[in-house]
Amino acid sequence: MILPGADLFDPRIDMDSDFSPVESRLDHDFSFAFNDSNFSDRVLKIEIVADLPDVKSAGDGCSSITEWTRNRKRRREDVKKDKAVEIVGQSEEDQALTCNIPDTEDTVAYENQDLEAVAMVEGSPTDAQLDFHERGDAAGPSSDSSWSMDCSTVLRVKSIHISSAILAAKSLYFHELFLNGIKESAQRDVTIQIHAAEEEALMDLLNFMYSNNLSANQATALLDVLLAAHKFKVASCMRYCSKLLRKIPMTCESALLYLDLPLSILMAEVAQPLMDSAKKFLAVKYKDISKIQEEVLKLPLAGIEAVLSSDDLQAASEDTIYDLVLKWAHTHYPKSVERKEVLAKRLVHLIRFPYMTCRKLKKVLNCNDFHPEFASKAVLEALFFKAETPHRQRALAVDEPNAVSRRFIERAYKYRPVKVVDFELPHQQCVVYLDLKRGECALLFPTGRVYSQAFHLGGQGFFLSAHCNMDQQNTYHCFGLFLGMQEKGSASFAVDYEFAARSKSTEGYVSKYKGNYTFTGGKAVGYRNLFGVHWQAFIQDDSNYFMNGILHLRAELTIRHFDLAR
């Protein structure tokens with residue numbers, strides 16, 4: 001009979017609240033009954049077998065996450081070397097994909113071997129054996145007699161008095177074991193087999209199912225309990241471990257370790273807060289990739305995925321992120337087939353093609369690292385997005401706030417995207433549109449500047465830059481807009497230019513400044529005080545130049561003639 005108020009695998013208590021499980025569920029604290037024959041109806045016999053050769057307990061002698069990771073990796077390598085383990089449910093194509101991804105395939109192999117849950121019930125003449133392999137969240141004990149027990153030598157047997165009702169209420173594993181309806185499920189003695197490295201974590205887990213509390217408080221021990229809770233399908237304990245791990249100061253090393261847990265744990269809803277915290281930590285640590293690109297290139301797959309998923313990633317442009325992804329892929333996957341697969345399945349959806357320049361999109365079409373069908377689809381989607389009105393672009397971004405790719409959401413680029421319309425007749429001409437958010441403009445005070453992406457006219461690269469600077473008399477701060485030519489070649493360009501901005505009063509673009517200038521490489525020209533007002537008047541909430549929080553700027557460039565320096 002199931003206890004009233006038991007969580008039954010989907011706890012109603014809020015494990016993310018400020019209260020501990022004991023404080024939230026004092027009425028369900030049965031710690032007094034743990035291993036007490038007076039309150040138990042069964043005996044759980046735990047057969048403890050030897051770990052793999054030269055392997056310590058996961059937390060034995062480990063004083064840091066570093067040492068824990070090293071031991072864990074060594075265990076995975078030993079399993080892979082000494083005993084081939086089938087990766088259930090993985091196709092040959094998937095195995096080819098993950099064979100060189102750091103720790104991915106090894107982790108699966110280790111978990112299937114070292115955390116294999118094996119149990120049997122005693123009392124029948126033949127000691128019917130039940131082999132409990134993990135086969136997904138809904139899987140439970142199996143009575144398939146063709147499965148055999150682990151043949152490892154039993155070091156010792158530990159007997160624990162248990163209440164089948166309490167364990168069945170908290171654990172799907174024990175629920176299936178005790179209530180599967182077969183004759184053996186009614187036997188008093190039940191035996192499970194674990195490795196020595198799991199003993200401490202299992203005892204803490206059993207105690208949790210009675211008391212809703214853990215003795216473990218270090219990251220190494222909590223990770224062991226988390227793995228045990230996942231193995232025996234105790235969702236409430238997984239949630240609690242996740243909560244406690246999030247309270248421990250995160251490091252790059254621990255964040256990568258959490259993201260390297262088995263896929264079944266990564267996908268579990270109760271573990272999502274921990275995974276999200278790890279991803280957020282890495283995204284913040286590697287936020288400005290332009291300054292620490294070499295560090296980013298050394299990250300494993302899970303790390304680069306976390307960094308590229310961030311909307312706040314600071315990069316010159318999406319072009320530079322695209323180049324970084326390809327460089328990372330070539331570094332970690334020198335074989336073309338493997339590189340194409342990991343890009344297609346894990347990384348391309350993190351590249352925001354709609355914010356790449358058209359010149360770079362042309363290179364995507366000819367990139368050998370992408371399947372041609374994907375490259376064509378990505379470029380077409382990006383071009384259609386660029387052709388949309390700003391209102392429609394914002395609507396597309398709003399439509400997918402929680403999408404995995406977030407491809408229509410703009411990052412915090414150092415070089416702001418622009419929309420360009422080109423003309424060839426009667427003169428070479430382009431009209432450039434640059435939108436800046438009020439928050440971006442506010443961050444410019446008192447001496448900041450923001451640059452646009454490069455655009456091209458007459459075969460030369462140009463850019464716009466918005467400044468917060470002093471007016472010509474050096475009396476107050478104001479908003480300025482400038483036009484510059486990238487340093488390339490020795491050409492000299494005579495350019496007519498006009499700056500305009502959209503205003504609330506007219507709802508259209510109003511010309512603010514006209515001029516002409518003969519450009520040479522690296523030169524810039526513009527107007528210090530584009531709106532003729534103090535900075536405070538420009539940035540205030542009722543400013544005439546912000547429409548729905550957006551400053552709309554336009555620059556029109558016309559080349560009358562150009563001379564090549566001889």
Derivation and outcome, side chain to side chain donor-acceptor pair (under 3.5 Å), residues Asp312 and Ser310 | CA-CA 5 Å; Asp312 299 323; Ser310 173; 4.7 Å; no

Does any donor atom in the side chain of Tyr413 or Glu318 lie under 3.5 Å from an acceptor atom in the other side chain?
->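 Judged by distance alone, the side chains do pair up.
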
Could you tell me whether the side chains of Thr357 and Gln453 share a donor-acceptor contact shorter than 3.5 Å?
->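 No, Gln453 and Thr357 have no side-chain donor paired with an acceptor closer than 3.5 Å.
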
Where do Asp471 and His477 land on the side chain to side chain donor-acceptor pair (under 3.5 Å) test, with the steps shown first?
-> CA-CA 6 Å; Asp471 72 324; His477 289 88; over 6 Å; no

Would you say Ile539 and Cys441 make side-chain contact, with heavy atoms under 4.5 Å?
->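 Heavy-atom side-chain distance check passes, below 4.5 Å.
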
Side chain proximity check, Leu301 to Trp328, heavy atoms < 4.5 angstrom |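 Leu301 vs Trp328: side chains touch.
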
Test Phe479 against Tyr545 for ring pair (Phe, Tyr, Trp, His ring centres under 6.0 Å), laying out the working first.
-> CA-CA 11 Å; Phe479 179 88; Tyr545 300 105; 9.2 Å; no

Does Arg352 come within less than 4.0 Å of Glu410, counting only side-chain N to carboxylate O?
->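 Here Arg352 does not pair with Glu410 in a salt bridge, since their nearest N and O are not under 4.0 Å apart.
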
Note: Asp369-Arg339 ion pair, threshold 4.0 Å (strictly below) =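 Result for this pair is yes, salt bridge flagged.
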
Ser452 OG to Leu483 CG distance, which is reported to the nearest 0.5 Å =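 Output value for this atom pair is 9.0 Å.
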
Could you give me the CA-CA distance, side-chain angles and deciding distance for Leu282 and Leu259, then say whether side-chain contact (heavy atoms from CB on, under 4.5 Å) is met?
-> CA-CA 11 Å; Leu282 292 173; Leu259 295 176; 3.7 Å; yes

Intermediate values then yes/no, ring pair (Phe, Tyr, Trp, His ring centres under 6.0 Å), His467 and Phe482 = CA-CA 8 Å; His467 297 209; Phe482 296 83; 4.6 Å; yes

Applying the side-chain hydrogen bond (donor to acceptor under 3.5 Å, both in side chains) test to Asp323, which of Lys363, Lys360, Gln293 qualifies?
->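 It is Lys360, the one option of Lys363, Lys360, Gln293 that forms the side-chain hydrogen bond (donor to acceptor under 3.5 Å, both in side chains) with Asp323.
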
